[in-house]
Amino acid sequence: MRRALPPRRTCVNLAVMDRANTRRNILRLIACSPLLAAASRSAFAAKAAAVERLIEQARALPTVSQRIDFISGKLLGVRYQANTLIGSPKLPERFVVRDDAFDCVTFCEVVLAAAIARDIGEFETLLRRIRYDRGNVQYDQRNHYFADWCKRNIENGICRPVKIEPSIVIDKTLTWHREFGQHPVSISAIAKETLLESAKLLAPGDIIGFTSRRVGLDYYHTGLVAFGKTGELLLRNASQSRGRVVEDKMATFVSVNPVKYVTLLRAVNNPPVVERR
């Protein structure tokens with residue numbers, strides 16, 4: 001007797017099964033997407049727990065200047081760490097948020113975003129816009145040069161220049177980041193003597209950049225303006241040499257460091273509303 005052969009599986013049957021499986025997978029993804037989004041938000045909030053508390057505590061203060069001063073003061077003592085951002089010409093850029101360690105720029109970025117934001121979700125969106133051109137998280141869109149950081153955060157309405165005279169314009173071709181080739185910039189700045197004589201024109205939370213004398217580099221350090229109890233002009237900054245966020249007397253800082261010119265920006269009280277991502 002001839003044995004009956006099992007029915008052959010046809011391509012049509014496989015295709016039908018594949019479509020059914022695909023539909024089930026899509027439905028599963030749709031069902032899970034709110035949970036995935038919630039988990040992502042939860043993970044982000046966990047990484048920025050201190051920032052979230054500071055946003056809530058500073059919310060009652062009426063001006064962004066006061067909120068920057070309050071938040072940055074609460075972060076005094078947080079450790080310094082270089083190279084906290086992730087990405088390179090060969091490594092995909094990742095959006096990084098940390099409140100446990102800063103370099104001089106990420107300290108200013110986190111404080112500025114937290115002072116403007118009304119909640120942690122808005123903080124994330126603002127930090128992207130502050131750190132990247134139009135908020136695009138890509139290595140080549142990151143504000144690698146502080147000259148670009150200043151220019152773009154003025155253009156996006158988050159900051160404005162602090163105009164003090166006499167001022168100068170420094171034209172410089174930047175080459176520090178070799179992957180971007182020659183990058184010409186124009187830097188508006190004032191002399192350190194003018195800075196010290198103009199303390200009454202400054203506000204707590206003003207962002208200050210210290211220009212570099214090195215060929216191919218625009219700025220070598222940045223921080224926030226603060227004032228002591230007696231009105232003394234201070235620099236609040238993430239200090240590499242001291243390993244943490246500290247306050248320095250501005251007069252001392254500009255005298256012991258190779259400071260010749262500085263740039264000043266001020267956060268805008270009501271910047272344009274940004275869409276959350």
Side-chain angles (χ1 to χ4, degrees), residues 47-51 53-54 57-58 65-86 96-115 127 130-131 142-147 149-150 153 159 162 176-177 189-193 195-196 198-199 202-214 217-267:
K47 290 179 182 177
V51 171
R53 287 193 300 272
L54 291 172
Q57 292 168 7
S65 170
Q66 290 172 304
R67 294 192 294 274
I68 290 174
D69 192 50
F70 173 82
I71 292 168
S72 62
K74 293 293 183 180
L75 294 174
L76 287 169
V78 174
R79 68 188 173 93
Y80 178 95
Q81 183 174 325
N83 305 315
T84 55
L85 303 186
I86 299 172
V96 173
V97 177
R98 295 184 62 168
D99 57 25
D100 64 326
F102 303 108
D103 64 24
C104 64
V105 176
T106 58
F107 171 66
C108 293
E109 289 176 338
V110 167
V111 171
L112 178 59
L127 186 58
I130 291 166
R131 184 173 292 165
R142 194 200 300 173
N143 295 320
H144 295 276
Y145 291 115
F146 195 66
W149 194 102
C150 294
N153 280 295
C159 295
V162 178
W176 195 259
H177 293 280
I190 60 172
K192 66 178 180 181
E193 294 81 9
L195 167 72
L196 298 177
S198 306
L202 304 178
D206 283 349
I207 301 154
I208 184 167
F210 300 89
T211 62
S212 175
R213 299 186 187 188
R214 292 188 182 186
L217 184 62
D218 52 350
Y219 296 84
Y220 76 91
H221 192 55
T222 185
L224 301 169
V225 169
F227 290 89
K229 292 181 179 179
T230 60
E232 187 174 24
L233 185 60
L234 304 174
L235 171 66
R236 199 169 281 167
N237 65 115
S239 169
Q240 185 174 18
S241 62
R242 296 167 69 183
R244 63 190 188 279
V245 177
V246 298
E247 276 183 349
D248 293 300
K249 294 179 180 180
M250 189 73 76
T252 303
F253 183 89
V254 299
S255 65
V256 301
N257 289 287
V259 177
K260 190 172 183 181
Y261 297 105
V262 303
T263 295
L264 290 155
L265 298 184
R266 183 168 297 165

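All of these numbers come straight from a predicted model, not from anything done at the bench.
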Below 4.5 Å, heavy atoms only, C-beta onward: do D103 and Y80 meet side chain to side chain?
yes
On a heavy-atom basis, the closest approach of A203 and S65 is CB-OG, 4.1 Å
Given side chain to side chain contact (heavy atoms under 4.5 Å, CB included), test F227 with L234 step by step and report yes or no.
CA-CA 5 Å; F227 290 89; L234 304 174; 5.8 Å; no
Approximate separation, where rounding is to 0.5 Å, of T252 OG1 and L233 CG
10.5 Å
Can you find a heavy atom in the side chain of S198 that is under 4.5 Å from one in the side chain of I190?
no
Considering the options R67, R236, E247, which one meets the side-chain hydrogen bond (donor to acceptor under 3.5 Å, both in side chains) requirement together with S72?
R236
Given side chains that start at C-beta, do those of N257 and Y220 come closer than 4.5 Å, heavy atoms only?
yes
Any F70 side-chain heavy atom under 4.5 Å of Q66 side chain
no
Identify the two heavy atoms, one from D99 and one from A49, that lie closest to each other, and give their separation to 0.1 Å.
OD2-N, 3.4 Å
D218 side chain to F146 main-chain N or O, any donor-acceptor pair under 3.5 Å?
yes
Between A101 and Q81 the two heavy atoms that sit nearest each other are CB-CB, 3.8 Å
Measure the SG-CZ distance between C104 and F210 for me, rounded to the nearest 0.5 Å.
9.5 Å
Regarding T84 and R98, do their side chains bring together a donor and an acceptor under 3.5 Å, going by distance alone?
no
Looking only at heavy atoms, what is the nearest atom pair of L112 and A267, with distance?
CD1-CB, 3.6 Å
If we only count heavy atoms from C-beta on, is the V225 to L264 side-chain gap below 4.5 Å?
yes
Return the CZ to CZ distance between R244 and F107, rounded to the nearest 0.5 Å.
13.0 Å
As a quick check of understanding, evaluate side chain to side chain contact (heavy atoms under 4.5 Å, CB included) for N143 and V105, giving each step before the final call.
CA-CA 10 Å; N143 295 320; V105 176; over 6 Å; no
Side chains of T106 and R131 in contact at under 4.5 Å (non-hydrogen atoms)
yes
Could you go through V246 and N237, starting from their C-alpha distance and side-chain angles, then the distance that decides it, and tell me whether this counts as side chain to side chain contact (heavy atoms under 4.5 Å, CB included)?
CA-CA 6 Å; V246 298; N237 65 115; 3.9 Å; yes
Just so I know, are the side chains of L195 and I208 near enough to count as touching, which here means a heavy-atom distance under 4.5 Å?
yes
Of all the heavy-atom pairs spanning H177 and Y145, show the shortest one and how long it is.
N-OH, 2.8 Å
Decide yes or no on side chain to side chain contact (heavy atoms under 4.5 Å, CB included) for E109 and W149, but give the supporting numbers first.
CA-CA 10 Å; E109 289 176 338; W149 194 102; 3.1 Å; yes
Are side-chain heavy atoms of I68 and P204 found at a separation under 4.5 Å?
no
